[in-house]
Each structure stands twice: as C-alpha cells, then as structure tokens.
**Student:** 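Structure incoming, see below.
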Amino acid sequence: MLFPVYTNRSDPFALMRSMLRDFDRSFRPLASPSAFPPVNIWQGAEAVAITAELPGVEPADIEITVKEDVLTLSGERKAPEVPEGARWHRNERVFGKFSRAIRLPFAAGEDQIEARFTDGVLRIVVGRPEKDKPRKIEIKAA
Amino acid sequence: MSTAMSRSAEKTPTEAPETTSGGRVYRPLTDIVETDAGVSLMLEMPGVAADDVDITLEDRVLTIHGRTSTTRPEKFELAYAEYGEGDYERAFTMSEEFDPDRIRAEMHNGVLTVTLPRAEAAKPRKIAVKQA
C-alpha cells in the first residue's frame with residue numbers, strides 16, 4: 001500500500017478515504033458470512049437473482065417461501081451416514097437445520113420466482129412485477 | 001453434531017501460490033472418516049461439476065483439484081456478496097499406501113466423496129527376527 005501525496009489541497013480527506021478503501025480491500029474482501037448458507041445477491045433491471053452455496057443439501061430438503069418482499073430460504077443439511085466403528089479424522093463441515101430471510105427490493109408474486117439447483121449451488125431469480133418497473137414519461141411538445 | 005446450525009464454517013482462500021489467471025483458489029471444507037475398509041473424504045466443492053475434478057495420488061500425497069465456471073448471471077450486477085467463487089484445491093498426506101487404481105470418487109450436490117480402499121499389500125506384515 002503506497003499513499004501518494006495529493007497535490008489537490010481542496011480535498012483534505014482524499015488521502016484518508018484512499019487509506020480506508022485500501023484497508024477495506026485488504027481486510028474485508030467480502031461481507032462477513034456468519035450465517036448458513038452464504039448468499040450472493042445480483043441486481044438486474046428486470047429481476048433480482050440470489051445465489052447460495054448449499055453443498056450436500058438435497059434439493060428436496062430446501063424450502064423457498066416468499067411473503068411480500070421477504071424471501072425465506074430454509075432447510076436441513078443431513079449428516080452423512082457413516083458405518084459403525086468409523087473414526088473421524090477431520091470434521092470441518094457443519095450439519096443441521098438452517099433458515100435465512102432475505103429482503104427483496106420489491107414485493108414479488110410467487111409465480112415470478114424460478115429456482116434452480118446445480119452442483120450444490122442454488123440460484124433463485126425473482127422477476128420484478130410490472131407495476132414496480134419504472135414508467136417512461138413522454139414529453140409532449142408545447 | 002447439533003440439530004441447528006449455530007455457526008457456519010466457511011471456505012477460505014489459499015494463500016500461495018498465486019494463480020496465473022488471477023482467480024482465487026479455495027480450500028474446500030473436508031470431513032475424513034476412517035473405517036477398517038479404508039478412508040473416505042468428503043469435500044465441499046459447490047459449483048464444481050463431476051467432470052471438472054482432478055484427483056491424483058503420488059508419493060502418498062492425495063491432491064484434489066476442482067474447477068468452477070463462474071455463475072455470473074447475464075444482465076445482472078453483483079450487489080451483495082458473502083462468498084467468492086473460484087477453483088478448489090487441497091492436498092493431504094496419507095498415513096499409509098493406497099492403490100491409486102482402486103480410488104473411487106463421486107460428486108453429488110457439490111460434495112465430492114473420495115473412497116480409498118485399503119491396499120492388500122499395505123496390511124501389516126510381521127517380520128520375525130531370528131536369533132543369531
């Protein structure tokens with residue numbers, strides 16, 4: 001991290017902002033994922049997409065519900081079945097029930113939601129309702 | 001093992017070496033179970049298809065590499081991120097010899113299960129010490 005000497009004296013906080021930006025980049029590359037499953041949220045003009053990493057969860061064990069603008073993702077990750085007398089060398093994965101609520105930028109109807117699960121990654125696309133879309137207003141000539 | 005997931009283990013990026021493409025390489029979370037028949041490993045690799053996994057066993061070092069293709073949806077901008085996408089790699093030094101031809105691997109819902117059956121030759125042989 002090198003901080004250049006700013007020649008622009010009109011903004012005394014420019015250096016501080018630059019330092020804070022570098023600090024954020026090097027120490028917090030991502031929002032802190034304390035909850036399971038970790039989600040990424042994508043925004044588009046026509047829809048919002050939510051992707052979540054759910055390795056080891058059966059698609060039948062995932063439940064997605066929507067109530068107005070809150071999408072709830074819940075389910076259970078079952079522990080693998082191991083034969084009796086097996087010795088655990090490493091146990092880094094976590095199992096059990098999970099639930100997460102995500103607030104959407106608009107109220108979505110259930111029929112505008114599409115969910116797909118491939119290779120342990122869940123992708124939900126929530127379409128933006130027509131009434132929420134921006135309306136273009138034409139300017140009439142006077 | 002609790003019934004509710006109070007904490008969340010997370011995959012961490014590996015430090016070195018860097019990739020030539022500039023992408024991150026993550027260390028998959030792994031469970032390892034040993035039975036009398038052999039050892040099985042369960043690695044969390046979400047986003048990796050069965051064809052994109054490389055498993056090698058050389059000099060008792062088992063290396064597992066998984067390639068992901070980015071799931072960036074078209075016409076979407078990332079607004080909030082809790083996880084990163086990248087390849088997966090992890091290597092384990094096995095405590096005994098395994099027959100590389102008998103390793104079985106299966107990918108299911110983003111979890112790779114690698115089963116190493118114990119080799120016949122690796123079963124301990126007792127060597128009698130003769131009295132001189």
Side-chain angles (χ1 to χ4, degrees), chain A residues 29-59 61-62 75-100 102 105 116-123 125, chain B residues 1-13 24 26-50 52 66 68-85 88 90 92 95 107-113:
Chain A
L30 300 162
S32 59
S34 51
F36 183 90
V39 295
N40 281 1
I41 297 170
W42 310 73
Q43 202 144 21
E46 298 289 310
V48 162
I50 297 152
T51 54
E53 289 193 329
L54 289 154
V57 182
E58 291 294 328
D61 292 337
I62 304 169
E76 186 179 3
R77 177 152 72 169
K78 293 186 177 101
E81 283 171 29
V82 291
E84 224 172 286
R87 293 175 295 280
W88 283 84
H89 287 230
R90 253 170 222 264
N91 186 4
E92 295 174 352
R93 303 172 62 214
V94 193
F95 304 97
K97 288 188 169 70
F98 59 86
S99 179
R100 281 203 79 172
I102 298 151
R116 205 167 293 194
F117 189 70
T118 36
D119 299 323
V121 178
L122 178 73
R123 189 203 285 195
V125 178
Chain B
M1 258 166 270
S2 61
T3 51
M5 297 170 91
S6 51
R7 72 188 172 95
S8 166
E10 48 191 272
K11 57 180 186 182
T12 49
R24 277 223 175 91
Y26 289 92
R27 189 168 162 269
L29 294 174
T30 307
D31 282 355
I32 302 177
V33 176
E34 192 192 340
T35 59
D36 292 333
V39 175
S40 12
L41 295 90
M42 285 156 276
L43 296 98
E44 275 186 8
M45 299 205 281
V48 178
D52 296 331
T68 45
S69 46
T70 47
T71 58
R72 187 199 163 91
E74 260 180 59
K75 289 187 276 178
F76 281 98
E77 289 288 328
L78 186 62
Y80 171 78
E82 285 182 348
Y83 69 89
E85 285 172 352
Y88 296 90
R90 199 156 173 184
F92 296 98
S95 56
M107 189 59 130
H108 186 63
N109 288 339
V111 176
L112 178 76
T113 307

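Chain A is the first sequence line, chain B the second, and so forth, proteins listed ahead of strands; every chain is numbered from 1. Hydrogens, waters and symmetry mates are skipped; everything else that's a heavy atom, side chains included, is used.
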**Student:** Report the distance from atom CG of Leu43(B) to atom CZ of Arg93(A), rounding to the nearest 0.5 Å.
**Tutor:** 8.5 Å

**Student:** Evaluate the side-chain proximity of Phe76(B) to Thr51(A): yes if any heavy-atom separation is below 4.5 Å, no if none is.
**Tutor:**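 SC-SC contact between Thr51(A) and Phe76(B) ruled out.
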
**Student:** Among Ser99(A), Ala52(A), Gly85(A), which has the most heavy-atom pairs under 4.5 Å with chain B?
**Tutor:**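 Maximum pair count with chain B is reached by Ala52(A).
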
**Student:** Are more than 12 heavy atoms from other residues, nucleotides or ligands located less than 6.0 Å from atom CZ of Arg87(A)?
**Tutor:**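 Counting other residues, nucleotides and ligands, CZ of Arg87(A) exceeds 12 neighbours.
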
**Student:** Between Gly84(B) and Glu53(A), which heavy-atom pair has the shortest distance, and what is it?
**Tutor:**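 Closest heavy-atom pair between Gly84(B) and Glu53(A): O-OE2, 4.2 Å.
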
**Student:** With side chains defined as the heavy atoms from C-beta onward, is the minimum distance between Pro59(A) and Asn109(B) less than 4.5 Å?
**Tutor:**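 Yes - at least one pair of side-chain heavy atoms lies under 4.5 Å apart.
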
**Student:** Give, as side chain, backbone, both or neither, the part of Val48(B) having an atom under 4.5 angstrom from any heavy atom of chain A.
**Tutor:** backbone

**Student:** Ignoring hydrogens, what is the shortest heavy-atom contact between Pro83(A) and Thr35(B)? Give both atom names and the distance.
**Tutor:** CG-CG2, 3.5 Å

**Student:** Is there a side-chain contact between Asn91(A) and Met42(B) (heavy atoms, below 4.5 Å)?
**Tutor:**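 Not in contact.
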
**Student:** Against chain A, label Met107(B) side chain, backbone, both or neither, depending on which of its atoms sit under 4.5 Å from a heavy atom there.
**Tutor:** neither

**Student:** Could you tell me whether the side chain of Val39(B) reaches within less than 4.5 Å of the side chain of His89(A), counting heavy atoms only?
**Tutor:** no

**Student:** How close do Pro37(A) and Glu82(B) get, counting heavy atoms only, and between which atoms?
**Tutor:** O-OE1, 4.0 Å

**Student:** Tell me, do Asp31(B) and Phe95(A) make a side-chain contact under 4.5 Å, heavy atoms counted?
**Tutor:** yes

**Student:** Please look at Glu46(A) and chain B and tell me whether the side chain, the backbone, both or neither of the residue comes under 4.5 angstrom of a heavy atom of that chain.
**Tutor:**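 It is neither, since no heavy atom gets under 4.5 Å.
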
**Student:** What part of Ala47(A) is in contact with chain B, defined as an atom under 4.5 angstrom from a non-hydrogen atom: side chain, backbone, both or neither?
**Tutor:** both

**Student:** Rounded to the nearest 0.5 Å, what separation is found between the CD atom of Glu92(A) and the OG1 atom of Thr30(B)?
**Tutor:**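 So the CD of Glu92(A) and the OG1 of Thr30(B) are separated by 5.0 Å.
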
**Student:** Taking side chain as everything from C-beta outward and backbone as N, CA, C, O, which of these in Leu54(A) sits under 4.5 Å from a heavy atom of chain B? Side chain, backbone, both or neither.
**Tutor:** backbone

**Student:** Considering only heavy atoms from C-beta outward, does the side chain of Glu58(A) approach that of His108(B) to under 4.5 Å?
**Tutor:** yes

**Student:** Quick one: closest heavy-atom pair of Ala86(A) and Val33(B), and the distance?
**Tutor:** CB-CG1, 3.4 Å

**Student:** Among Pro46(B), Ala37(B), Gly110(B), Ser40(B), who wins on heavy-atom pairs under 4.5 Å with chain A?
**Tutor:** Pro46(B)

**Student:** Could you look at Val82(A) and say if it's the side chain, the backbone, both or neither that has a heavy atom under 4.5 Å from chain B?
**Tutor:** side chain

